[in-house]
Participant: 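Okay, here's the structure, questions in a sec.
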Amino acid sequence: MPSDAPVLIPILGDQLSRSLASLRGRDKGDTVVVMMEVWDETTYVKHHKQKIALVFSAMRHFAAELAEAGWRVDYVKLTDADNAGSFTGEVARAIERHSPREVRVVEAGEWRVQQALEEWADRFPCPVTILPDDRFLCSKSEFADWAEGRKALRMEYFYREMRRKTGLLMDGEEPEGGQWNCDSENRKPPKERLEAPERPLFEPDAITREVLELVGERFADHFGDLEPFHWPVTRAEAVQAADAFFAERLPQFGDYQDAMVHGQDDLFHSMLSTSINLGHLDPLDLCRRAEAEYRAGRAPLNAVEGFIRQLIGWREYVRGFYWRFMPGLAEDDALAADRPLPEFYWTGETDMRCLADCVRSTKANAHAHHIQRLMVLGNFALLAGVEPKAVQDWYLAVYADAYEWVELPNVSAMVLYADGGKLASKPYAASGNYINRMSNYCSECRYSVSQKTGEGACPFNALYWRFMDRHRKRLEANPRIGPIYRNWDRMGEERQREYLASADAFLATLEPAREGWAR
Ligand code: FAD
Ligand code: DLZ
Ligand code: SF4
């Protein structure tokens with residue numbers, strides 16, 4: 001190996017941070033960065049077209065910025081004739097081109113990819129160093145220490161640790177305002193004419209247009225609309241999106257965090273998850289900015305605490321949870337759910353207005369907000385007993401912010417209770433009442449939310465009781481659910497039979513998804 005052999009730094013598509021551990025402090029003259037567009041990553045599930053375009057465009061912009069800053073960047077396009085199709089294949093080719101003295105890579109976000117990285121040391125002729133991804137506040141080992149010996153891993157207690165660790169919204173040893181969690185102040189139903197300020201929409205530049213053309217040609221059979229495409233694809237654009245969120249949406253983010261309005265796809269949400277997950281925005285920076293808005297009196301505590309809780313609470317927590325329970329988490333099926341995913345998850349063709357609107361937004365924008373994902377799309381999959389693998393594939397395929405480390409705990413544990421309750425103290429199961437309270441969907445739905453059984457009744461109502469009845473053995477002892485069974489028992493057998501018959505009749509109308517949508 002020549003004495004001037006460089007260090008090879010592979011950067012994966014969700015590692016687009018200038019302060020990435022593998023780049024930090026490195027001598028540019030002694031380094032080759034390799035970035036790779038590969039078929040394996042685009043097709044391990046058939047991602048929404050906008051997600052592929054977003055990742056490729058962001059990667060190409062990042063490579064150009066690194067090159068402009070003086071780094072030597074070797075960028076492999078999907079269309080390169082010799083493209084090996086996988087990270088391992090492409091790094092092997094890069095090693096042939098550059099004869100590096102070492103490969104240094106930051107650990108992968110997804111278990112699947114990390115397995116491949118861990119084989120590199122045996123496969124390649126030079127040493128391979130895998131660095132921890134320190135863009136997270138809580139390392140994998142810190143989470144494991146926190147989880148050790150606990151029977152239940154409740155996010156709330158983890159979150160308090162993260163508040164103490166960062167000092168965010170702390171008043172000495174106590175939480176600012178006297179309570180850790182303003183969740184109960186994050187549930188205002190939408191007002192008649194609830195309208196959120198427009199968010200910045202980014203027009204595709206020449207790099208993005210080239211990518212859009214590529215995706216349109218090569219991934220035509222993937223789910224979702226490719227255009228209009230307005231995602232931020234650079235750090236500068238992501239910062240602009242964050243600025244607009246803090247200035248215009250944050251103050252009402254708290255009140256309407258759980259609200260849903262037909263046709264309004266993001267309300268007061270930040271729409272920053274894609275930029276955070278790609279590495280363009282640092283979650284801790286965002287939390288500090290949110291806190292500054294509160295301290296300056298420009299945003300109320302319920303908004304700022306709610307936002308910070310999502311980032312240093314839920315986001316960090318699900319990442320720790322993922323690594324603690326993989327690979328088993330992907331196989332969990334505590335409720336033995338075995339129904340195929342209904343076709344309407346892909347087409348949006350259903351008379352259930354709430355579901356149709358959530359799928360519409362998913363298809364058009366590669367996005368739906370949290371309560372749509374949890375309490376409409378997720379709630380239906382839970383109540384109908386859809387098999388976890390099919391639900392996981394769907395969520396991983398359809399959202400522009402989806403990476404397995406964040407998608408899987410949300411889907412398997414939070415939505416489907418497939419982990420048997422390690423994450424949530426009870427299933428997030430709800431009847432039509434909840435959706436009616438938190439949205440304006442029901443007033444124009446062909447189903448009646450107040451009707452409990454029969455052909456015109458909101459299907460969520462009977463499905464809810466069917467779910468409760470089926471899982472009584474497991475759930476009745478749960479102090480948060482047990483009392484619900486008193487209501488069920490009071491109905492009497494005949495009424496119960498009507499509920500169950502209604503649910504079964506509805507389920508019998510569901511068309512299973514055709515093959516080939518997700519994989
Ligand atoms: P905001 O409402 O503005 O929240 C701010 C930020 O908090 C988000 O950008 C995100 O980074 C973080 N956050 C909020 N909730 C969660 C959560 N439950 N878990 C982790 N981070 C959270 N988020 C993803 O980033 N990728 C996914 O693949 C993903 N899959 C999900 C699947 C299901 C079934 C559910 C219920 C939630 C999922 N989420 C996922 C979490 C959440 O829905 C999205 O992060 C959010 O909708 C993104 O929009 P936003 O940036 O406007 O979020
Ligand atoms: C999501 C994605 C896609 C669609 N394509 C690529 C790609 O071609 N090259 C790449 O480096 N990353 C891509 N990604 C993101 C990766 O899937 C992501 O970095 C890993 O899954 C993290 O473990
Ligand atoms: Fe959804 Fe039921 Fe309301 Fe229709 S009535 S929008 S199906 S909750």
Side-chain angles (χ1 to χ4, degrees), residues 183-192 194 255-264 267 335 342 344 350-359 368-386 414-417 424-472 475-476 478-492 494-507 509-510:
D183 199 21
S184 59
E185 293 160 56
N186 296 147
R187 299 179 191 148
K188 230 183 191 177
K191 288 185 276 197
E192 259 311 290
L194 189 60
D255 284 354
Y256 297 112
Q257 209 171 324
D258 287 4
M260 297 176 279
V261 177
H262 190 267
Q264 287 201 44
L267 286 176
L335 300 185
F344 73 67
T350 164
D351 288 342
M352 299 176 77
R353 192 162 182 260
C354 51
L355 280 160
D357 191 52
C358 295
V359 176
H369 70 68
H370 185 68
I371 292 299
Q372 295 175 316
R373 293 188 206 193
L374 179 63
M375 297 309 295
V376 177
L377 296 155
N379 187 31
F380 187 88
L382 171 75
L383 299 186
V386 180
M414 194 188 298
V415 158
L416 297 179
Y417 205 69
S425 57
K426 68 178 187 60
Y428 283 85
S431 69
N433 260 344
Y434 173 87
I435 296 172
N436 189 34
R437 188 169 65 250
M438 294 311 302
S439 78
N440 68 353
Y441 287 136
C442 302
S443 54
E444 289 177 44
C445 182
R446 109 135 162 86
Y447 294 106
S448 159
V449 72
S450 58
Q451 193 181 323
K452 306 296 182 202
T453 57
E455 205 278 321
C458 167
F460 277 109
N461 293 336
L463 288 175
Y464 172 80
W465 283 117
R466 176 182 176 276
F467 174 84
M468 287 298 169
D469 186 54
R470 278 171 90 89
H471 300 293
R472 183 166 191 154
L475 299 178
E476 195 173 19
N478 183 320
R480 298 185 62 197
I481 298 199
I484 291 172
Y485 287 100
R486 305 298 85 76
N487 298 337
W488 180 235
D489 292 340
R490 267 197 298 273
M491 287 182 197
E494 196 180 329
R495 188 69 183 128
Q496 287 177 352
R497 267 197 301 274
E498 281 166 12
Y499 268 105
L500 300 180
S502 239
D504 287 339
F506 173 78
L507 289 172
T509 66
L510 293 177

Participant: R187 side chain to D258 main-chain N or O, any donor-acceptor pair under 3.5 Å?
Facilitator: no

Participant: Can you measure from OG (S439) to CD (Q372) and round to the nearest 0.5 angstrom?
Facilitator: 9.5 Å

Participant: How far apart are the closest heavy atoms of N379 and M375, and which atoms are they?
Facilitator: CB-O, 3.1 Å

Participant: Is there a donor-acceptor contact under 3.5 Å from the side chain of Q264 to the main chain of L194?
Facilitator: yes

Participant: So which atom in P459 and which in F506 form the shortest heavy-atom distance, rounded to 0.1 Å?
Facilitator: CG-CE1, 3.6 Å

Participant: To the nearest 0.5 Å, tell me how far H262 NE2 sits from C445 SG.
Facilitator: 9.5 Å

Participant: side-chain contact (heavy atoms from CB on, under 4.5 Å) between L510 and F344: does it pass, once the steps are laid out?
Facilitator: CA-CA 8 Å; L510 293 177; F344 73 67; 3.8 Å; yes

Participant: Is there side-chain contact between L377 and V415, with heavy atoms separated by less than 4.5 Å?
Facilitator: no

Participant: Between atom CE of M438 and atom CD1 of I371, what is the distance when rounded to the nearest 0.5 Å?
Facilitator: 7.0 Å

Participant: To the closest 0.5 Å, what do you measure between CE (M352) and CD1 (I435)?
Facilitator: 7.0 Å

Participant: Going by atom types only, do T453 and R495 share a side-chain donor-acceptor pair under 3.5 Å?
Facilitator: yes

Participant: Can you find a pair of side-chain heavy atoms, one from K452 and one from Y499, that are under 4.5 Å apart?
Facilitator: yes

Participant: Under 4.0 Å between a Lys/Arg side-chain N and an Asp/Glu carboxylate O for D489 and R472?
Facilitator: yes

Participant: Distance from Y464 atom OH to L383 atom CG, nearest 0.5 Å?
Facilitator: 9.0 Å

Participant: Heavy-atom distance under 4.5 Å between the side chains of R466 and L507, does that happen here?
Facilitator: yes

Participant: So, D255 side chain and N186 main chain: donor-acceptor pair closer than 3.5 Å or not?
Facilitator: no

Participant: Quick one: closest heavy-atom pair of P190 and M260, and the distance?
Facilitator: CG-O, 3.7 Å

Participant: For the residue pair A259 and L267, what are the closest heavy atoms and their distance?
Facilitator: O-CD1, 3.2 Å

Participant: Answer yes or no: is there an ion pair linking R497 with E494, defined by an N-O contact shorter than 4.0 Å?
Facilitator: no

Participant: Does S502 reach the main-chain N or O of G454 with its side chain, forming a donor-acceptor pair under 3.5 Å?
Facilitator: yes

Participant: Side chain of Y485, backbone of M468: donor and acceptor closer than 3.5 Å?
Facilitator: yes

Participant: Write down the atom of Y441, the atom of C358, and the distance for their closest heavy-atom approach.
Facilitator: OH-SG, 3.9 Å

Participant: Measure the spacing between CG of L382 and CG of L335 and express it to the nearest 0.5 Å.
Facilitator: 7.0 Å

Participant: Report yes if some heavy atom in the side chain of D357 is under 4.5 Å from a heavy atom in the side chain of V376; otherwise report no.
Facilitator: no

Participant: Under the side-chain hydrogen bond (donor to acceptor under 3.5 Å, both in side chains) definition, can you give me all pairs with a residue in residues 424-436, not counting sequence neighbours?
Facilitator: S425-R480

Participant: I want to check something: taking the side chain as every heavy atom from C-beta on, are Q496 and D469 in contact at a cut-off of under 4.5 Å?
Facilitator: no

Participant: Contact between P427 and I481 at the side-chain level, heavy atoms closer than 4.5 Å - yes or no?
Facilitator: yes

Participant: Sub-3.5 Å donor-acceptor pair from the side chain of D351 to the main-chain atoms of R446, do we have one?
Facilitator: no

Participant: Looking at side-chain heavy atoms only, is the closest gap between L500 and W465 below 4.5 Å?
Facilitator: no

Participant: Is the backbone N or O of S448 less than 3.5 Å from a side-chain atom of Q451, with the two atoms forming a donor-acceptor pair by type?
Facilitator: no

Participant: Can you give me the closest heavy-atom contact between C354 and F460, atom names plus distance?
Facilitator: SG-CE1, 3.6 Å

Participant: Would you indicate whether the side-chain heavy atoms of F380 and P342 approach each other to under 4.5 Å?
Facilitator: yes

